[in-house]
Amino acid sequence: MTADATAVPEADWDRAVALVRAADTVALACHVTPDGDALGSMLGFGLALRAAGKHVVASFGDRGFTVPRLLRFLPGQDLLVEPAAYPAEPSLMMTFDASTMDRLGLLAPNAGKAAELVVVDHHVSNTRFGSLHLVDPGAASTTMLVERLAGRLGLTVDRDVATCLYAGLVTDTGSFRYSATTPAAHAMAGRLIAAGLDPDAIARELWDRSPFAYLRVLGAALDRVTLEPAGAGGRGLVWTYLTRADRARHGLPYDEVEGVIDVIRRVDEAEVAVVLKEDDEGGWNVSTRSKGAVDVARACTALGGGGHPCAAGFSSTLSPEETMASLRPLLTPDAA
Ligand code: AMP
Ligand code: MN
Ligand code: MN
């Protein structure tokens, strides 16, 4: 999909600008278990707003409420408040990278009571759950919409804001490798780098560091990886899982295993890759990736999750085998 300048009507941009201008306090939220785009778009916008004199609170509705280790380098974390300290009835609330109300977790009731709820997102599956929607499925990341809104508000994209926005852009384009890598994505990266950020330091934080224990846990995942050549409509399925016991054995926190899918999905013999990750409470988060022939967002949405055609996920309380039994039949190639 290409970026569509008309995806958000001009009148909606104008209304968003008017709402933000009129507000003294803006309450920001991103999706639970935030990734680089969720946190980067929210904190980047929050920092730019604060520099313009607004009072800003930002949060995400996770029970544990910890910023994943690999995102702790992002500037603006002093904007974060725990869900319990979040305004119960915000006059202006804005959500980032969340495709549904559910994805706000503990902050969904706050969003339900907000006088105005501005939804900033780029998921095709966005359910338009707010009072105003800045949603462009053609945007490579939510940070692209934030950059456009910041520009319309006349906010300054300084080095810290740029670092946050760049983190979201490179996360969602997989370092400009995924199909979301448009000319607009590269052009935005150019503008952000010109603001003075450090691309190599950001890349190292996001992808090129792990505690030693990660290698042991990755080893466990690779030990039990399965290739099903007949899977995904004969195009091949590769999958594995990681238990909390695997992590406990090596003292590895849950937020360190995000990169396992990037190892699994490289297999030539498989169109679709799946990694099932057990969290500390015994629930399972399922990551799916396709190379383009299978719409994994459709499959994951059918199982209560969502995402993008080539990268999607859902949660499960079943065993890995049971979860795979319900996922397998949904992994069918799109009709040509
Ligand atoms: P992940 O595999 O966790 O990196 O997630 C890939 C993409 O799938 C994310 O960018 C989200 O858009 C989406 N996603 C993952 N888990 C869920 C979920 N439980 N519900 C909705 N969307 C999800
Ligand atoms: Mn996200
Ligand atoms: Mn995103």
Side-chain angles (χ1 to χ4, degrees), residues 1 3 29-45 60-62 67-68 70-71 74 95-105 108 119-127 129 134-147 164-174 178-182 185 188 206-207 239-242 254-265 272-279 283-290 295-317 323 327:
M1 202 170 299
C30 67
H31 68 68
V32 290
T33 49
D35 53 23
D37 192 30
L39 215 49
S41 56
M42 176 175 75
L43 294 179
F45 192 63
F60 49 92
D62 280 280
V67 172
L70 78 170
L71 296 175
L74 287 179
T95 70
F96 296 84
D97 206 39
S99 52
T100 66
M101 189 72 119
D102 268 4
R103 295 282 283 160
L104 298 176
V119 172
V120 186
D121 187 31
H122 69 128
H123 288 89
V124 146
S125 55
N126 189 284
T127 56
F129 56 92
L134 307 179
V135 176
D136 180 2
S141 82
T142 297
T143 62
M144 283 193 142
L145 288 137
V146 166
E147 195 206 27
C164 290
L165 301 187
Y166 187 81
L169 186 62
V170 296
T171 298
D172 274 24
T173 59
Y178 305 159
S179 59
T181 307
T182 54
M188 176 171 161
L206 288 174
W207 296 293
W239 68 279
T240 191
Y241 63 93
L242 278 172
Y254 179 81
D255 63 4
E256 296 285 352
V257 298
E258 201 179 307
V260 174
I261 187 69
D262 289 319
V263 181
I264 304 304
R265 73 183 176 85
V272 175
V274 180
V275 175
L276 304 95
K277 301 166 289 187
E278 189 181 16
D279 65 23
W284 291 84
N285 293 313
V286 185
S287 289
T288 67
R289 300 290 186 270
S290 96
D295 183 346
V296 287
R298 192 180 52 201
C300 292
T301 302
L303 295 173
H308 307 281
C310 294
F314 63 99
S315 315
S316 174
T317 52
T323 301
L327 177 60

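Whatever order the structure lists ligands and atoms in, that order sets their numbers, starting from 1. Reckoned from all heavy atoms, side chains included, excluding hydrogens, waters and symmetry mates. Model, not experiment: these values are computed from the prediction.
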Tell me, which protein residue and heavy-atom name are nearest atom 7 (C) of ligand 1, and how many Å apart are they?
-> Ala311 O, 3.5 Å
Quick one: does His31 get within less than 4.0 Å of ligand 1, heavy atoms only?
-> no
Determine, counting only non-hydrogen atoms of the protein, whether one lies under 4.0 angstrom from atom 9 (C) of ligand 1.
-> no
shortest atom 15 (C) of ligand 1-to-protein heavy-atom contact is with Gly313 CA, 3.5 Å
What N, O or S atom of Asp172 is found closest to the Mn ion (ligand 3)?
-> OD2
When rounded to the nearest 0.5 angstrom, what is the spacing between CZ in Phe45 and CG in Leu165?
-> 10.5 Å
Heteroatom of Asp97 nearest to the Mn ion (ligand 2) (N, O or S, atom name) | OD2
Heavy atom of His123, distance to ligand 1 below 4.0 Å = yes
When rounded to the nearest 0.5 angstrom, what distance separates OH in Tyr178 from OG1 in Thr171?
-> 9.0 Å
Pull out every atom of ligand 1 sitting under 4.0 Å from any heavy atom of Phe314, numbered as shown with elements.
-> 16 (N), 19 (N)
Give the name of the N/O/S atom in Asp35 that lies closest to the Mn ion (ligand 2).
-> OD2
Indicate yes or no: does an N/O atom of Ser287 lie under 3.5 Å from an N/O atom of ligand 1?
-> yes
Please step through side-chain contact (heavy atoms from CB on, under 4.5 Å) for the pair Met42 and Thr95, ending with a clear verdict.
-> CA-CA 8 Å; Met42 176 175 75; Thr95 70; over 6 Å; no
Atom indices of ligand 1 within 4.0 angstrom of Ser315 heavy atoms, with elements = 19 (N)
For Glu256, does the CD atom sit with more than 12 other heavy atoms under 6.0 Å from it, leaving out its own atoms?
-> yes
Shortest protein contact, atom 5 (O) of ligand 1 (heavy atom only) = Arg289 NH1, 4.2 Å
closest protein heavy atom to atom 18 (C) of ligand 1 is Arg103 NH1, 3.3 Å
Does the shortest distance from the Mn ion (ligand 3) to an N/O/S atom of His122 fall below 2.8 Å?
-> yes
Separation of Thr301 OG1 from Phe314 CZ (nearest 0.5 Å) = 10.5 Å
For the residue pair His308 and His123, categorise the inter-ring angle as parallel (less than 30°), tilted (30 to 60°) or perpendicular (more than 60°).
-> parallel
Would you say the side chain of Leu276 lies within less than 4.5 Å of the side chain of Trp239, judging by non-hydrogen atoms?
-> yes
Gap separating the CG atom of Asn126 from the CZ atom of Arg103, nearest 0.5 angstrom = 11.5 Å
Pair Ser41, Thr142: side-chain N/O donor-acceptor within cut-off below 3.5 Å | no
Report the C-alpha separation of Phe96 and Val146 in whole Å, then their side-chain angles, then the decisive distance to 0.1 Å, and conclude whether the side-chain contact (heavy atoms from CB on, under 4.5 Å) test is met.
-> CA-CA 9 Å; Phe96 296 84; Val146 166; 3.6 Å; yes
Is there at least one pair of N or O atoms, one from Gly305 and one from ligand 1, spaced under 3.5 Å apart?
-> no
Go through the steps for Asp121 and Ser99 under the test side-chain contact (heavy atoms from CB on, under 4.5 Å), then give the verdict.
-> CA-CA 7 Å; Asp121 187 31; Ser99 52; 3.9 Å; yes
Mind checking whether the Mn ion (ligand 2) has an N, O or S of Cys30 under 2.8 Å?
-> no
Closest to atom 23 (C) of ligand 1 by heavy-atom distance, out of Ser125, Ala98, Cys310, Gly306, is Gly306
min-distance N/O/S atom, Asp37 vs the Mn ion (ligand 3), resolves to OD2
